[in-house]
Structure formats: structure tokens, C-alpha cells
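One structure is given here, and the rest of the page talks about it.
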Amino acid sequence: MELRIVVLPGDGVGPEVTEQAVRVLREIAEIHEHNFRFEEHPAGGAAIRRAGTPLPDTTLNACLAADAVLLGAIGAPEFDHLPSAEKPEAGLLRLRSALGGFANLRPIVSYAPLTPASPLRREIVDGADILFVRELLGGLYFGEPRGIDARNGDSSAFNTMRYSVGEIERVTRVAFEAAMRRRRKVTSVDKANVLETSQLWRQTVTRVAADYPSVALDHLYVDAAAMHIITNPRRFDCIVTENLFGDILSDEAAVISGSLGMLPSGTIGGAVDLYEPVHGSAPDIAGRNAANPLGAIASAAMLLRHTAKLKNEPADIEGAIESVLASGYRTRDIATGTAGHVVSTREMGQLVIEAIAECADMRHAYHAV
Ligand code: IPM
Ligand code: MG
């Protein structure tokens, strides 16, 4: 299999974690005799420093010509003073919109060895396995008009939340298709008691659900969902929700897996799929070889599953992550409350690679018998 992957290391810990994800992909390519080609480009704050803009044309064009994009993290405090349209994050939003992926998949699982790393009690998180399907191209992130009005010495700022039936329908279908391959339950999260966008959301989701009679649907208001996610996470299978709610709830749900550093994501449905760990640029620990690369590595596994349609390769990566955790290795963010052995970003990457190689050896031995 041939894959052209554009890597956008981005800001903060982005370069450190994507480096490990790329090493893992190279290992997979070698074992399974695939040809993965990597091309690196600047994005976000790193691109502002080099090219004066968070998404240079060369970066965007390379992404549009790729089979998939693997991104590290975007955002740097030195650009906080810039207007929204010039911030590193604006480059990310422009990229998301140009690539066209509207469904952002964020799986959140409680790994048994990491239950002590969660601030939630073990009996609450044990066995939790949620797939967030976050709408990624609509809502307040992209709605127009938006802006700041400065008049008569008083300022006001405004954003627009707007959703069309088509936008709601397409992301809903992704959630139901995913639920068919999981535990056949979709929870739609909205604020239909207050917002018109949510009323349309609820009606549309309900109508689409009729096409999937074997999948159970329920609706929750976002405030109640926020509570149920951390009090009873096992009640959820797939959660489908609009852009901002999905952003907020997925960070909250990260405490189930012990750390934001564990979470991968993949954005599908557009011309080019985009994979990025959910964690941000974490400027406080950037450059210290301390960040958790597992979210980025698991994002690479998602790339192989969703874009390359491979089965064994992503399973090997995920199996390797589990085995490394079961052996007690922890980056700092997941070391709390566990008796694990604390390792660096690079060491964690190396451990995953070794576990993948071991697993491949075992498969060989098995076939030889
Ligand atoms: C995320 C991030 C981004 C978002 C930021 C960096 C723009 O928080 O992917 O969850 O809000 O979508
Ligand atoms: Mg976020």
C-alpha cells in the first residue's frame, strides 16, 4: 500500500509527539511492506514565525494533495494578542475547512491499567468506551457574521451559531454508521430547550434515526450530558453533537481515560482526512521530552483504519499501546496514582515500536508452526 502523509508538527509539544507517531508508522510500513511517504510542513505559530501566516499556501497545497494529514498541535501564547483571524488557531480552522472533513471522531476509552490515573473512581470509569462524533465545520466556529463592534466607547462582540439540515444530517449518518459497528446506541447532545439550532438538530437527528432501526437513539441537553459523562460514562456508546459542545465535552471526557494526552482523533468525510491528538500544544512542557505521544500514535492508528482501510496494522498499534501500559510504563501525565515507571516522550515511542515488533514476530512464529 502506498500512502502520502503530510505531517504538520505545529506548535508546543506537537513536533515531539508527531515525531513518535511517524516513527511508529515507519515501523508498521517496514513490517507490513507498505510504502508510506512523509512530507513535513509548518502550520500554526510555527508557520507564522517562518512565513508570516498560520497556513501558508505551500502547506495547504501539500495537504490537499496528500492521502492524509497528521497534525501535532496548534497554538502558542506569544500570539495571544493577535486578532482571531491571524492567530495560529485560525490556520487550523482554515485547514479543517479546506480539507472538508466534517465528522471528527474522538474515541475515549478507559484502559484498565490507567484507571488509577483518573480522578474518577475506578467503578465509575471501568469499561467506559465512548465515541464522540463532533461536527467540525459548522456552528460558532465558522458562523457569520462574527466580530467586535466598538461604538460610543462601549464594545460588544458577537458570533453566529447556524446549522443547516444538510450539515446536521451528514454528521448524524456518520454517528449511526459507527454505532452499527459498536453497541448500537447514539446519544445526541443539544440545548433544544433554548437554542433554535438545537431544535433543528434534534428534529433532524430523530428523522435520520428512522433509517437505522437497530440503533437506539436518545437525546440529552448539553448540561445534563456534561454530568452523565463523568458520573455514568458506561451509559454512552456514540455521542453526536455540534462543534463547540463536542470541543468542551471531549476535553471533559478525557478524565475517563486518565489524561488528555491519551486521546486521538480523526476527521473524515471531506477530500482529505485529518488526524490530530485532542490535546493542545501544552507550552508549559514543550521541548522537554515529557509529553505523552500516545494520543498522536493512536491518531496514526486511526489514519491506517479510516483512510488506508487497513485492519491488522491499526490493531497492532493499539495492541502495542495497551501492552506498554500493562507493563507499567507511563509518561508523567498518566503516572499519577499508579506505580508505573515514568518514561519520556521518546522512550514511550520506542516502547510502542518494540511492542509492535514483538507482536509481528509472534505472528511470524505462529504462521511458521
Ligand atoms: C480541539 C482544539 C481546537 C478546537 C482549537 C485548538 C482550535 O481545542 O481540537 O479540540 O477548538 O477545535
Ligand atoms: Mg478542544
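Just so it is clear, the model here is predicted, and its values are computed rather than measured. Whatever order the structure lists ligands and atoms in, that order sets their numbers, starting from 1. Numbering starts at 1 and runs along the sequence shown.
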- Task: Could you pull out, from Glu89, Lys87, Glu276, Arg96, the option with a heavy atom nearest to atom 3 (C) of ligand 1?
- Result: Arg96
- Task: Check whether the side chains of Asn104 and Arg106 place a donor and an acceptor atom closer than 3.5 Å, and report yes or no.
- Result: yes
- Charged N-O contact under 4.0 Å between Arg305 and Glu313: no
- Query: What is the ring orientation for Trp201 with Tyr163, classed by angle as parallel under 30°, tilted 30 to 60°, or perpendicular over 60°?
  - Reply: perpendicular
Give the table of side-chain donor-acceptor pairs shorter than 3.5 Å for residues 79-93, with sequence neighbours excluded, one pair per line with atom names and distance.
residue, atom, partner, partner atom, Å
His81, ND1, Glu78, O, 3.2
Lys87, NZ, Asp80, O, 2.6
Lys87, NZ, Leu82, O, 2.9

- protein heavy-atom neighbour closest to atom 4 (C) of ligand 1 works out as Tyr141 OH, 3.5 Å
- Item | Where ligand 1 meets Arg106 - atom numbers and elements under 4.0 angstrom, heavy-atom basis | 1 (C), 9 (O), 10 (O)
- Note on the structure: atom 2 (C) of ligand 1 has as its nearest protein heavy atom Asp247 OD1, 4.0 Å
- Parallel, tilted or perpendicular: ring planes of Phe38 versus Phe36, cut at 30 and 60 degrees: perpendicular
- Task: Heavy-atom distances under 4.0 Å are what count here, so tell me which part of His279 touches ligand 1: side chain, backbone, both or neither.
- Result: neither
- Atoms of the protein (N/O/S only) found under 2.8 Å from the Mg ion (ligand 2): Asp247 OD1
- Query: Does a donor on one side chain sit under 3.5 Å from an acceptor on the other, for Arg202 and Gln199?
  - Reply: no
- Task: Scan side-chain atoms only and decide if Ser198 and Tyr221 contain a donor-acceptor pair under the 3.5 Å cut-off.
- Result: no
- Task: Would you check if there is a donor-acceptor pair between the side chains of Glu169 and Thr172 at a distance under 3.5 Å?
- Result: no
